[in-house]
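Remarks on the structure that follows.
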Amino acid sequence: MKIAVMPGDGIGPEVTAQAVKVLKAVVGKSQPLELVEAPIGQAGIDAAGDPLPAASSEIARKADAILFGSAGMPGDEAIPFPMRPGASLLRLRKELGLFANFRPALLFPELIGASTLKPEVVQGLDLMILRELTGDAYFGEPRGFGINAAGEREAFNTMRYCESEVERIAHVAFRTARLRKKKLCSVDKANVLEVGQLWREVVTRVGGGYPDVELSHLFVDAAAMQLMRAPLQFDVIVTGNIFGDILSDAAAMLTGSIGMLPSASMGQGTKGLYEPVHGTAPDIAGKNLANPLAAILSMAMMLRYSFGQAAQADRVERAVRKVLADGLRTGDIFQAGCRRVGTEEMGQAVVAALAG
Ligand code: IPM
Ligand code: MG
C-alpha cells in the first residue's frame, strides 16, 4: 500500500496524524505500508514556493492513494488563483483526473441530538452525494477580472460541461445507486441554465441503460429545500461541481457536524484522494480541538475504495461507532452528559476500540 500523505494547513496536520495512527493500527503487520509525506497548500509554499510543488504532485501521481488533510489560509482570495494555498487541492484533483467525489452523509444514531434538525427528520439518514469535481464554473474558461463597456470593474466565470463529462459521472452515479437503494436524484438548474439542460438530457439518456434504477430530477433550489424538509427521501444525489460543493455542506449539517464527514475523490481506476469535508478551520487549528473522525472515516473509505479491504474499513467504522457510543465527543459534537476529548485522545480511543 503506497500512500501519499498530504496534511496541508489549518487543522489538516492534526486530523491527518490521527488518521495515520489508526491506519497503522488497523493494517498492523498484515502488509507493507509505505507512507510518503508531501507538503501542499501554505505548507507547499513554505517548502517550495508553490502550493502544489512539483515534487508533491509527483508523489501523488506515484501513490495508490492520497490521504489529504486540508489546504487554504484565511484571506487567501487575495492571492492570484493558481498560487492560492486552497487552489492546490483543485489543481491536484484536475491533474489526477479525480472527477467523481463521493460525500456520504450518514447519521450516527449516537449523534442524533447534535443535528440542528428535529430527530424525526434525520433519523436513519444515509445518503450519498456524488459531486462532479473537475468541470463546471470551477474550471470553465474564460475566467478572470476585466473592465466592462461602462468602464466598471467586473469579474466572470464560465459554467461549462461537455457531454462526455456528464456521461462519465452519470455512469458512476447509476452504478453507485445500483449498489444502494436503486434511487438516483439528479440536481441541476435546467430551468435557467443551458448547462443544466444538457446535464439533464445526458443523465436521462445514460439512465436508459439502467432501467432498474429509479431516476428523478430536481432543480438545485428545490433540492436544497427538500434536503432540509425531508432528507430521507434521498439515497444517491448526483450533481455538478458547484451545486455539489454547496449541497454537501448542507447535507453535512443533517448529520450533526461537518467534523464527521469523509469524502473520496476518484478517477477511472481505484486510485483516490481521501479527505475530510470540513476544511482548515483556522480558528481552532493547532489547539488539539479538531474532530479527527472525518479524517479517520476518510481513511476507511480509502481502505474500501482503493485497496478493496472492506473488512478493515468496517472495523474502523465500527471503532468510530464504539467511541461515540462510549460518550467521547470533541467540541463540535459535544452534548451534555458526554466526555469532552481533544483530537489526540479521540484518535487514541479509536485505536483502542479497534481491538473490540
Ligand atoms: C470542498 C472545499 C473546496 C471546494 C475548496 C477548499 C476549494 O470547499 O472540497 O468542498 O470548493 O471544492
Ligand atoms: Mg466545500
Side-chain angles (χ1 to χ4, degrees), residues 1-27 33 35 37-38 40-41 60 63-72 88-89 92-93 96 98 100-106 108 111 126-131 133 176 244-245 248-249 251-252 255-267 270-281 290-310 312-321 323-324 330 332-333 343 346-347 350-351 354:
M1 297 166 85
K2 197 176 163 121
I3 299 164
V5 180
M6 301 182 137
D9 308 317
I11 60 172
E14 295 163 76
V15 297
T16 307
Q18 300 312 310
V20 167
K21 190 159 86 184
V22 178
L23 171 66
K24 286 181 176 160
V26 79
V27 171
L33 187 60
L35 299 169
E37 196 161 316
I40 190 158
D64 303 318
I66 300 140
L67 264 187
F68 192 95
S70 59
S88 57
L89 177 57
L92 194 60
R93 289 169 178 168
L96 299 176
L98 305 172
N101 182 214
F102 292 87
R103 297 192 162 181
L106 178 83
F108 288 91
L111 294 185
D126 175 6
L127 69 89
M128 178 67 84
I129 297 196
L130 180 60
R131 166 187 176 193
L133 208 52
T176 304
D245 181 35
S248 61
D249 268 30
T255 71
S257 168
I258 198 166
M260 292 299 300
L261 257 75
S263 78
S265 303
M266 310 298 295
T270 58
K271 179 178 186 136
L273 181 150
Y274 301 86
E275 170 205 2
V277 175
H278 51 58
T280 55
N291 184 349
L293 295 179
I296 292 169
L297 291 168
S298 300
M299 183 276 291
M301 290 184 90
M302 173 184 84
L303 292 172
R304 196 182 296 283
Y305 289 21
S306 282
F307 298 109
Q309 298 189 2
Q312 300 292 45
D314 287 345
R315 254 183 91 204
V316 174
E317 287 162 3
R318 270 201 309 276
V320 168
R321 289 286 303 270
V323 301
L324 292 174
T330 42
D332 58 313
I333 50 175
T343 311
M346 186 62 113
V350 175
V351 170
L354 281 174

Indicate yes or no for a side-chain donor-acceptor contact from S248 to the backbone of D245 under 3.5 Å, with no hydrogens or angles considered. yes
Quick one: does V27's side chain get under 4.5 Å of Q312's, heavy atoms only? no
CG-OG1 distance between D126 and T255, expressed to the nearest 0.5 angstrom: 11.5 Å
CD1 (I333) and CE (M346) are apart, to the nearest 0.5 Å, by 4.5 Å
Rounded to the nearest 0.5 Å, the CG atom of D64 sits from the CD1 atom of I3 at a distance of 7.5 Å
CZ of F307 to NZ of K2, rounded to nearest 0.5 Å, is 11.0 Å
Are T270 and Y305 packed together at the side-chain level, in the sense that at least one heavy-atom pair is separated by less than 4.5 angstrom? no
Does S70 offer a backbone N or O that forms a donor-acceptor pair with the side chain of T280 under 3.5 Å? no
If I take atom CG from residue L293 and atom CZ from residue F108, how far apart are they, to the nearest 0.5 angstrom? 7.5 Å
Looking at L98, is its backbone amide N or carbonyl O close enough to the side chain of K271 to form a donor-acceptor pair, meaning the two atoms are under 3.5 Å apart? no
For a side-chain contact (heavy atoms from CB on, under 4.5 Å) check, start with the C-alpha distance between L89 and L273, then their side-chain angles and the critical distance, and finish with the verdict. CA-CA 10 Å; L89 177 57; L273 181 150; 4.3 Å; yes
Judged by atom type as modelled, is there a donor-acceptor pair below 3.5 Å linking the side chain of S265 to the main-chain atoms of N101? no
Side-chain atoms of residues 18-25: list all donor-acceptor pairs with protein atoms under 3.5 Å, sequence neighbours left out, distances to 0.1 Å.
| residue | atom | partner | partner atom | Å |
| --- | --- | --- | --- | --- |
| Q18 | OE1 | K21 | NZ | 2.7 |
| K21 | NZ | Q348 | OE1 | 3.1 |

How about D249 and V277: do any of their side-chain heavy atoms sit closer than 4.5 Å? yes
Quick check: do I11 and T343 have side-chain heavy atoms less than 4.5 Å from each other? no
